[in-house]
Enquirer: 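Here you go, one structure.
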Amino acid sequence: MEIQRNVSEFILLGFSYDQNMQIFCFVLFLFCYVALLAGNLLILVSVRCSPLFHQPMYYFLSHLSTMDICYTSSITPKLIADLLVERKIISYGNCMLQVFTMHFFGMIEVLILTVMAFDRYAAICKPLHYLLIMNRTRCSLLLLVAWAGGAVHSFPQFFMVIRLPFCGPNEIDHYFCDIFPLLKVACSDTYITGVLVIAFSGIVALVTFIVLVVSYGTILFTLRNLSAEGRRKALSTCGSHIMVLVLLFMPCIYTYVLPAESENGYKEISVFYTVIVPMPNPLNYTMRKMEMKISMG
């Protein structure tokens, strides 16, 4: 059946029509984006130009930094530019591209965080077998699985969205193109699509978060067998990881588990996992580690 599509562009309503608020958001988001780029690029250069790159944790961290940059860059530059103009317009093609890249890079980042949790589990709970478990071949295979998982997660949702008919309204009540806001302006029954999106994004995020909580819970339970110094180092590492997971997953779960028709303020909540949370990731994962400070110095 031919897809009806009379819309060549969408109008993003953004956050507020108040000029002062837009200027404040512009300064805030620009600062967050520049800090994210600077922090992650510093990590990439420091790790890849030092022996740390051969350690599994820093090997994964370098790839996490790359995904941080790719994921945020699919949304934030357009958001920052739109805060300076009155009409926030995005073409149909760029809108579909934004939907795909956000879910693709976002899912890869989530899976890399999961891999890093497994790495910490192996290092703390299986220290004698750690180097055998996390050899370079297995690390590369885990990253390949993460990329494959990103494709499996994003392509079905992308194909669902490009098949939606848009025949009239083109105002999206959001600051970027995401699936739920697009469902509201599609001129067809989108109930089934909304349920599938909840399954692909919401339930996946919820299950992954539960798995990660159980993993870190197991790690924390194992700490009772370590020395005081070992517990301190392990808590320093795992504590920063857990903080990132909570700040990232809770807004995602809130946004994607609720039905598409709900008015739940996801536009404001989305700021946390698209702009705010990625910014302190370099600090949370590296600055507390002495070997990383030495490498950066």
Side-chain angles (χ1 to χ4, degrees), residues 39-40 43 46-47 51-68 106-147 149-150 203-254 272-273 277-295:
N40 283 296
I43 287 175
S46 300
V47 171
L52 292 178
F53 186 64
H54 300 289
Q55 297 182 25
M57 182 174 70
Y58 293 102
Y59 179 62
F60 294 135
L61 181 62
S62 67
H63 287 273
L64 180 68
S65 293
T66 303
M67 289 303 104
D68 252 353
M107 190 61 191
I108 294 175
E109 184 168 354
V110 165
L111 293 176
I112 290 178
L113 288 171
T114 306
V115 169
M116 292 177 73
F118 175 72
D119 172 71
R120 291 301 84 203
Y121 169 80
I124 295 173
C125 301
K126 307 286 183 181
L128 298 180
H129 302 92
Y130 174 67
L131 294 179
L132 181 63
I133 296 172
M134 301 303 295
N135 59 64
R136 181 47 62 95
T137 301
R138 185 161 295 157
C139 290
S140 299
L141 181 60
L142 288 171
L143 286 176
L144 182 62
V145 170
W147 278 81
I203 302 303
V204 167
L206 181 61
V207 171
T208 305
F209 180 68
I210 292 173
V211 169
L212 289 171
V213 168
V214 172
S215 299
Y216 280 109
T218 304
I219 292 173
L220 294 176
F221 182 74
T222 306
L223 294 183
R224 73 190 196 283
N225 299 323
L226 301 180
S227 64
E229 179 66 16
R231 284 197 298 270
R232 187 191 65 79
K233 290 182 178 180
L235 285 172
S236 176
T237 300
C238 294
S240 60
H241 291 201
I242 293 171
M243 182 173 68
V244 169
L245 294 178
V246 172
L247 292 175
L248 175 65
F249 276 93
M250 295 312 292
C252 287
I253 292 171
Y254 179 78
F272 285 94
Y273 63 83
V277 173
M279 181 191 64
N281 275 358
L283 180 65
N284 289 331
Y285 280 106
T286 62
M287 296 305 178
R288 297 177 184 177
K289 300 175 176 59
M290 183 58 65
E291 61 266 32
M292 195 67 195
K293 293 178 183 178
I294 295 173
S295 176

Enquirer: In Å and rounded to the nearest 0.5 Å, what is the CG to OG distance from L144 to S140?
Expert: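 Between atom CG of L144 and atom OG of S140 there are 9.0 Å.
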Enquirer: Can you name the residues that form a side chain to side chain donor-acceptor pair (under 3.5 Å) with Y121, not counting sequence neighbours?
Expert: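 Per chain and number, Y121 pairs via side chain to side chain donor-acceptor pair (under 3.5 Å) with no residue.
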Enquirer: Between I219 and Y216, is there a side-chain heavy-atom distance shorter than 4.5 Å?
Expert: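 Counting from C-beta outward, Y216 and I219 do come under 4.5 Å.
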Enquirer: Evaluate the side-chain proximity of V110 to F249: yes if any heavy-atom separation is below 4.5 Å, no if none is.
Expert: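 Counting from C-beta outward, F249 and V110 do come under 4.5 Å.
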Enquirer: Check for me whether R136 meets the cation-pi criterion with F53, that is, NZ or CZ under 6.0 Å from the six-membered ring centre and within 45 degrees of the ring axis.
Expert: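 Here R136 passes the 6.0 Å and 45° test against F53.
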Enquirer: With a 4.5 Å limit on heavy-atom distance, are the side chains of V204 and M107 in contact?
Expert: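 Side-chain contact under 4.5 Å: yes.
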Enquirer: Which atom names give the shortest non-hydrogen contact between P56 and M134, and what distance separates them?
Expert: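 Closest heavy-atom pair between P56 and M134: CG-O, 3.5 Å.
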Enquirer: Apply the side chain to side chain contact (heavy atoms under 4.5 Å, CB included) test between T114 and each candidate in L245, V145, D119, L212; give the one that qualifies.
Expert: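 Exactly one candidate clears the test, L212.
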Enquirer: Tell me the closest heavy-atom pair linking A146 and L111, and the distance in Å.
Expert: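 Of all heavy-atom pairs spanning A146 and L111, the closest is O-CD1, 3.4 Å.
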Enquirer: Which atoms form the tightest heavy-atom contact between P251 and L247, and what is the distance?
Expert: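 Minimum heavy-atom separation between P251 and L247: CD-O, 3.1 Å.
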Enquirer: Find the distance between OH (Y130) and CE (M57) and round it off to the nearest 0.5 Å.
Expert: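 Taking OH in Y130 and CE in M57, the distance rounds to 7.0 Å.
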Enquirer: Go through the steps to decide whether L248 and F209 satisfy the test side chain to side chain contact (heavy atoms under 4.5 Å, CB included), and finish with yes or no.
Expert: CA-CA 10 Å; L248 175 65; F209 180 68; over 6 Å; no
Enquirer: Just verifying a value: how many Å separate F60 CZ and F118 CZ, rounded to the nearest 0.5 Å?
Expert: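 These two atoms lie 8.5 Å from each other.
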Enquirer: Measuring from H63:NE2 to Y58:OH, what's the distance to the nearest 0.5 Å?
Expert: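 Separation between the atoms: 15.5 Å.
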